[in-house]
Amino acid sequence: MENSVLAGDLRFEPAESFTRLIEKESSQPVSRCYQCKKCSAGCPVAPMADLHTNEVIRLVQLGDTERLLGSNRLWLCLSCKTCQARCPNGIDTSAVIDVLKGMVLKSGKAPAETRIPEFYKSFMDSVQRTGRLYELGMIGLYKLRTKTYMEDMGLGVEMLKRGKLKFLPERVKNLGQVREIFRKGREKK
Amino acid sequence: MKVGYYPGCSLHSTAADYGLSTEAVCRSLNIQLAEIPDWNCCGATPAHSTSEYLAKALPLRNLILAEGAGEDLVVPCTGCYNVCRQTHGFISRGSSKALEVNREVATIVGRKYQGKLKIMHLLDFFSQDEVLQELKSRVVKPLTGLKVVPYYGCLLLRPSDDVAFDDPEQPQKLDRLLDALGAEVRPWSYKMDCCGGSFAIPRADIVGELTVELVKQARKAGADFMVTACPLCQANIDTRQPDRGMPILYFTELIAAAFGLKGQEKWLEKHIIDPRPLLKSSNLI
Ligand code: SF4
Ligand code: SF4
């Protein structure tokens with residue numbers, strides 16, 4: 001090893017520390033991955049994503065934050081945990097992806113996929129307001145933010161008619177507690 | 001018998017059919033559902049995708065309230081169930097992060113989560129031997145001749161360490177329950193595949209692709225209906241099929257049909273793809 005060009009090469013230090021950071025934040029043993037690709041084989045969004053599941057893990061090991069944080073795969077992950085169920089090394093890639101999504105949001109950079117993060121934001125805003133999800137309000141917020149006013153109008157009307165969307169929100173009585181939880185959440189960021 | 005009950009947001013809205021049929025079936029079995037007092041939204045996928053803290057703290061408030069009420073907790077929504085059990089597992093493992101969240105939420109809610117709560121999915125609850133026996137004995141209209149595929153979806157049993165109550169690759173409990181009701185359960189290998197979950201609004205194109213494949217496979221297996229225990233699976237299959245050909249029922253709706261309960265219209269009329277013509281032609285309603 002002494003003669004290896006890699007030994008002592010400081011360029012690998014940042015990669016190492018990035019991997020450790022992700023391992024700690026996600027509680028996933030990322031460095032155990034040996035690229036068997038079982039995770040990718042079962043991933044339902046593999047055809048639409050710009051990175052395969054195994055590639056996410058490899059790029060974490062290499063410390064390639066640029067490609068990772070700019071990938072649409074982070075947002076396309078459905079958290080179905082098929083990858084987690086099949087990984088022979090006990091790695092839950094979706095948990096790693098959750099940490100990476102958090103990094104993108106913190107950085108203030110635009111996510112590589114627009115609609116899904118806007119949906120998440122609208123959902124959480126709705127929960128913050130009333131403590132429970134108010135679908136109609138959430139959909140309104142989402143449509144304003146993404147300017148997708150006409151999408152699914154017909155379906156929305158059908159759902160309203162069937163009482164599957166409610167006109168009025170339900171509220172948690174002790175809303176102060178929920179608000180306080182959200183306030184703490186903002187502090188942590 | 002009395003159990004704690006966490007309906008979650010969906011059962012009061014997009015999955016009102018699941019909520020109504022669950023309540024009716026439990027009433028007829030003399031199971032009293034005691035709602036967690038003043039529960040809040042569990043945060044679902046949007047929480048864990050955007051805030052590690054909220055993903056744990058929001059469900060934790062519910063667990064504390066449920067633990068205070070003292071009953072075992074039954075959760076019909078697969079999404080809520082998954083989040084409750086993952087949070088329970090997280091707190092029980094006692095990492096420093098877990099202790100901190102628990103301490104902080106305790107200052108807000110007034111009590112820590114002790115980790116003593118028993119949390120069961122409604123399907124798991126109905127699959128207990130004595131309950132399943134009782135279910136069987138109550139069948140007055142066996143679902144004979146009804147061909148169904150059980151669709152478990154992804155959140156019910158994964159991640160298995162925290163949430164599984166059945167084999168996470170080859171589950172059987174929904175199969176067994178449907179079999180007990182007299183239905184013809186068709187084998188298929190898409191039991192655990194994802195429907196597209198929470199992408200129905202932002203990326204209907206992806207949900208469309210996944211559901212079209214699922215419906216194609218269900219049809220290939222010879223199914224008249226798909227049967228689920230998850231509001232997200234139901235909504236996606238019910239609303240994102242271009243030809244609107246394959247109805248998808250909650251397992252509780254089939255229990256109600258097999259029991260010959262009154263008032264089934266109340267929930268069956270809520271489906272986008274109407275299951276009533278097929279149920280009628282089998283003389284079930
Ligand atoms: S299944 Fe696990 S070990 Fe295999 S490539 Fe994926 S993350 Fe790596
Ligand atoms: S959890 Fe995400 S990365 Fe893993 S299989 Fe599902 S969609 Fe793919």
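Below, read A as the first sequence line, B as the second, and so on, with proteins coming before strands; counting in each chain starts at 1.
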query: Under a 4.5 Å cut-off applied to non-hydrogen side-chain atoms, are Glu187(A) and Tyr53(B) in contact?
result: no
message: Could you tell me if the side chain of Ser198(B) sits less than 4.5 Å from the side chain of Phe123(A), heavy atoms only?
response: no
query: Taking atom CD of Glu113(A) and atom CZ of Arg203(B), what is their separation to the nearest 0.5 Å?
result: 4.5 Å
- request: First locate atom OG of Ser51(B), then atom NZ of Lys188(A), and finally report the distance between them rounded to the nearest 0.5 Å.
  value: 9.5 Å
Interatomic distance, Thr50(B) atom OG1 to Lys106(A) atom NZ [nearest 0.5 angstrom]: 12.5 Å
Side chains of Leu60(B) and Ile181(A) in contact at under 4.5 Å (non-hydrogen atoms): no
message: Looking at Ile108(B), is its backbone amide N or carbonyl O close enough to the side chain of Lys184(A) to form a donor-acceptor pair, meaning the two atoms are under 3.5 Å apart?
response: no
query: Which residue pairs pass the salt bridge (charged side-chain N to carboxylate O under 4.0 Å, His left out) test when at least one of the two sits in residues 81-99 of chain A, sequence neighbours left out?
result: Lys81(A)-Asp92(A), Arg86(A)-Glu169(B), Asp98(A)-Lys101(A)
- line: Okay, Pro159(B) and chain A: the region with an atom under 4.5 Å from a heavy atom over there is both
Nearest-0.5 Å distance, NZ of residue Lys164(A) to OG of residue Ser10(B): 10.0 Å
field: Polar side-chain atom of Arg132(A) near backbone of Trp39(B) as donor-acceptor pair, under 3.5 Å
entry: yes
field: Contacting region of Leu155(B) [heavy-atom separation from chain A under 4.5 Å]
entry: side chain
query: Under 4.5 Å between any side-chain heavy atoms of Met138(A) and Ile201(B), yes or no?
result: yes
- prompt: Is it true that atom OH of Tyr149(A) has more than 12 heavy atoms of other residues, nucleotides or ligands lying nearer than 6.0 Å?
  reply: yes
Could you give the side-chain donor-acceptor pairs of residues 51-58 of chain A under 3.5 Å, partners two or more places apart or in another chain?
from, atom 1, to, atom 2, distance (Å)
Asn54(A), OD1, Ser40(A), OG, 2.6
Asn54(A), ND2, Gln35(A), OE1, 2.9
Glu55(A), OE1, His52(A), N, 2.6
Arg58(A), NH1, Gln61(A), OE1, 2.6

message: Can you tell me which of Cys41(B), Cys154(B), Ala57(B), Ser49(B) forms the most heavy-atom pairs within a distance under 4.5 Å of chain A?
response: Ser49(B)
- prompt: Given a strict heavy-atom distance threshold of 4.5 Å, which part of Tyr134(A) is in contact with chain B: side chain, backbone, both, or neither?
  reply: neither
- prompt: Checking Asn40(B) side chain against Gly131(A) main chain: does a donor-acceptor pair fall under 3.5 Å?
  reply: no
query: Distance from Leu78(A) atom CG to Cys194(B) atom SG, nearest 0.5 Å?
result: 4.5 Å
query: What part of Glu269(B) is in contact with chain A, defined as an atom under 4.5 angstrom from a non-hydrogen atom: side chain, backbone, both or neither?
result: backbone
message: Quick check: do Arg61(B) and Val172(A) have side-chain heavy atoms less than 4.5 Å from each other?
response: yes
field: Close side-chain approach of Arg162(A) to Ile272(B), heavy-atom, < 4.5 Å
entry: yes
query: Heavy atoms under 4.5 Å from chain A: which residues of residues 81-106 of chain B carry them?
result: Gln86(B), Lys97(B), Glu100(B), Glu104(B)
message: Quick check on Glu135(A) against chain B: is it the side chain, the backbone, both or neither that has a heavy atom closer than 4.5 Å?
response: side chain
field: Contacting moiety of Glu180(A), where chain B heavy atoms sit under 4.5 Å
entry: both
field: Closest contact, heavy atoms only, Phe199(B) versus Leu76(A)
entry: CE2-O, 3.3 Å
query: Between atom NE2 of His48(B) and atom OG of Ser79(A), what is the distance when rounded to the nearest 0.5 Å?
result: 3.5 Å
Contact residues of residues 13-20 of chain B (partner chain A; heavy-atom separation under 4.5 angstrom): Ser13(B), Thr14(B), Ala16(B), Asp17(B)
message: Please evaluate residues Leu155(A) and Arg240(B) with respect to the criterion side chain to side chain contact (heavy atoms under 4.5 Å, CB included), reporting the C-alpha separation (whole Å), side-chain torsions for both, the decisive distance (0.1 Å), and the verdict.
response: CA-CA 10 Å; Leu155(A) 181 60; Arg240(B) 298 294 174 195; 4.0 Å; yes
Which atoms of His271(B) approach chain A - backbone, side chain, both or neither, heavy atom under 4.5 Å: backbone
task: Determine whether more than 12 heavy atoms belonging to other residues, nucleotides or ligands lie under 6.0 Å from atom CZ of Arg244(B).
output: yes
- line: Counting heavy-atom pairs under 4.5 angstrom with chain B, the leader among Asn174(A), Ile97(A), Val127(A), Leu74(A) is Asn174(A)
task: Decide yes or no for Met159(A) and Asp238(B): does some side-chain heavy atom of the first lie under 4.5 Å from some side-chain heavy atom of the second?
output: no
